[in-house]
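Everything numeric here is computed off the predicted structure, so don't read it as measured data.
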Amino acid sequence: QVQLVESGGGSVQAGGSLRLSCAASGITFSNYCMGWFRQAPGKERERVAAVYTGGSSAYYADSVKGRFTISRDNAKSTLYLQMNSLQPEDTAMYYCAAGRRQYYSGAYYCARSAFAYDYWGQGTQVTVSS
């Protein structure tokens, strides 16, 4: 049984920091692209960041570049998201997801679309007040 369990969400003031964690079980963690997605009320789910299987490549949404850092510890089957300089627009439910790497034009990469991710956690709420 696959489980992805997020933790670390909470309420902070603008400019603050949070670190999200996602503990995975039931999958060979190192074989999967791992991503953080978020969804605010009335908005579509968007990929915030993703990291390739070995951690060599990371992808970020333009809105979080320079503020968020994704990382993974394959030995612990755990994914992290360090979020700094948080802004009210970062308020959302944050989800951890695991997906197969995608192949295109001679290279592997982590997909942007949520549809490409097979397993999801229940989410952790992040609320940023101004």
Side-chain angles (χ1 to χ4, degrees):
Q1 181 182 359
V2 178
Q3 281 194 312
L4 300 178
V5 180
E6 302 98 334
S7 61
S11 297
V12 296
Q13 291 192 325
S17 298
L18 285 173
R19 189 192 195 206
L20 306 183
S21 298
C22 171
S25 60
I27 59 172
T28 304
F29 184 77
S30 59
N31 287 352
Y32 285 82
C33 281
M34 296 299 299
W36 287 101
F37 288 75
R38 67 185 180 188
Q39 188 166 20
K43 293 190 176 181
E44 292 187 356
R45 188 170 296 191
E46 65 167 342
R47 192 187 73 176
V48 174
V51 61
Y52 197 63
T53 54
S56 57
S57 297
Y59 313 81
Y60 295 95
D62 288 343
S63 58
V64 307
K65 280 180 183 176
R67 299 189 298 123
F68 291 12
T69 303
I70 189 171
S71 61
R72 64 191 296 163
D73 185 335
N74 285 346
K76 296 182 178 179
S77 296
T78 303
L79 177 72
Y80 303 99
L81 185 68
Q82 178 66 44
M83 304 186 294
N84 298 329
S85 301
L86 283 160
Q87 300 300 316
E89 52 266 33
D90 295 317
T91 295
M93 185 71 78
Y94 283 71
Y95 298 90
C96 166
R100 298 283 183 178
R101 58 182 185 171
Q102 305 294 306
Y103 182 80
Y104 178 77
S105 193
Y108 287 98
Y109 67 99
C110 294
R112 178 176 294 182
S113 170
F115 292 105
Y117 289 77
D118 303 312
Y119 304 108
W120 293 82
Q122 308 97 307
T124 185
Q125 178 68 38
V126 172
T127 303
V128 185
S129 58
S130 57

Testing the basics here: between Q87 and G15, what is the closest heavy-atom pair and its distance to 0.1 Å? NE2-N, 4.3 Å
At what distance, to the nearest 0.5 angstrom, does CG of L4 lie from CD1 of I27? 5.5 Å
Are the side chains of D118 and V2 in contact, using a 4.5 Å heavy-atom criterion? no
For a quick test of reading the model, state the closest non-hydrogen atom pair linking N74 to S30 and the distance between them. ND2-CB, 3.6 Å
Check L18 against L86 and note the closest heavy-atom contact, atom names and distance. N-CD1, 3.8 Å
Under the ring-ring contact (aromatic ring centres under 6.0 Å, His included) test, residues paired with Y60 that sit two or more places apart: none
Quick test of your reading: applying salt bridge (Lys or Arg N to Asp or Glu O under 4.0 Å), list the pairs with at least one residue in residues 48-64, sequence neighbours left out, ordered by first then second residue. D62-K65
Applying side chain to side chain donor-acceptor pair (under 3.5 Å), name anything that partners R19, two or more places apart in sequence or on another chain. none
Residue pair A49 / L81: nearest heavy atoms and the distance that separates them: CB-CD1, 4.3 Å
Who passes ring-ring contact (aromatic ring centres under 6.0 Å, His included) against F37, sequence neighbours left out? Y117, W120
Could you list all the side-chain hydrogen bond (donor to acceptor under 3.5 Å, both in side chains) pairs where at least one residue sits in residues 121-130, not counting sequence neighbours? Q125-T127
If the condition is ring-ring contact (aromatic ring centres under 6.0 Å, His included), which residues does Y103 pass it with, not counting sequence neighbours? Y108
Restricting to pairs with a member in residues 21-38, which pass salt bridge (Lys or Arg N to Asp or Glu O under 4.0 Å), not counting sequence neighbours? R38-E46, R38-D90
Interatomic distance, OH@Y94 vs SG@C22, rounded to 0.5 Å, equals 15.0 Å
Is the closest side-chain heavy-atom distance between Y59 and Y109 below 4.5 Å? yes
Do L20 and M83 have side-chain heavy atoms sitting under 4.5 Å apart? yes
Would one find more than 12 heavy atoms of other residues, nucleotides or ligands at under 6.0 Å from atom CZ of R100? no
When clusters are formed by joining ILVMFWY residues with side-chain heavy atoms under 4.5 Å apart, either directly or through shared neighbours, do Y80 and M34 land in the same one? no
Going only through I, L, V, M, F, W and Y residues with side-chain contacts under 4.5 Å, is there a path from V64 to V12? yes
Calculate, to the nearest 0.5 Å, the distance between atoms CZ and CZ belonging to R112 and R47 respectively. 6.0 Å
All heavy atoms of T91 vs all of A40, minimum pair found to be O-CB, 3.7 Å
Under the salt bridge (Lys or Arg N to Asp or Glu O under 4.0 Å) definition, can you give me all pairs with a residue in residues 9-18, not counting sequence neighbours? none
I'd like to check the side chain to side chain donor-acceptor pair (under 3.5 Å) partners of Q102; sequence neighbours left out, ordered by chain and number. none
Looking only at heavy atoms, the pair that brings Y95 and G121 closest together is CD2-O, 3.6 Å
Starting at CZ of F115, measure out to CZ of R45 and round the result to the nearest 0.5 Å. 10.0 Å
What residues, two or more places apart in sequence or in another chain, satisfy side chain to side chain donor-acceptor pair (under 3.5 Å) together with E89? none
Partner set under side-chain contact (heavy atoms from CB on, under 4.5 Å) for N84, not counting sequence neighbours: S17, Q82
Nearest 0.5 angstrom please: S57 OG to I70 CD1, how far? 11.5 Å
Rounded to the nearest 0.5 Å, what separates atom SG in C96 from atom CD in Q3? 12.0 Å
Parallel, tilted or perpendicular for Y119 and Y32, by the 30°/60° rule? perpendicular
For residues 71-81, which residue pairs qualify under salt bridge (Lys or Arg N to Asp or Glu O under 4.0 Å), counting only residues two or more places apart or in two chains? none
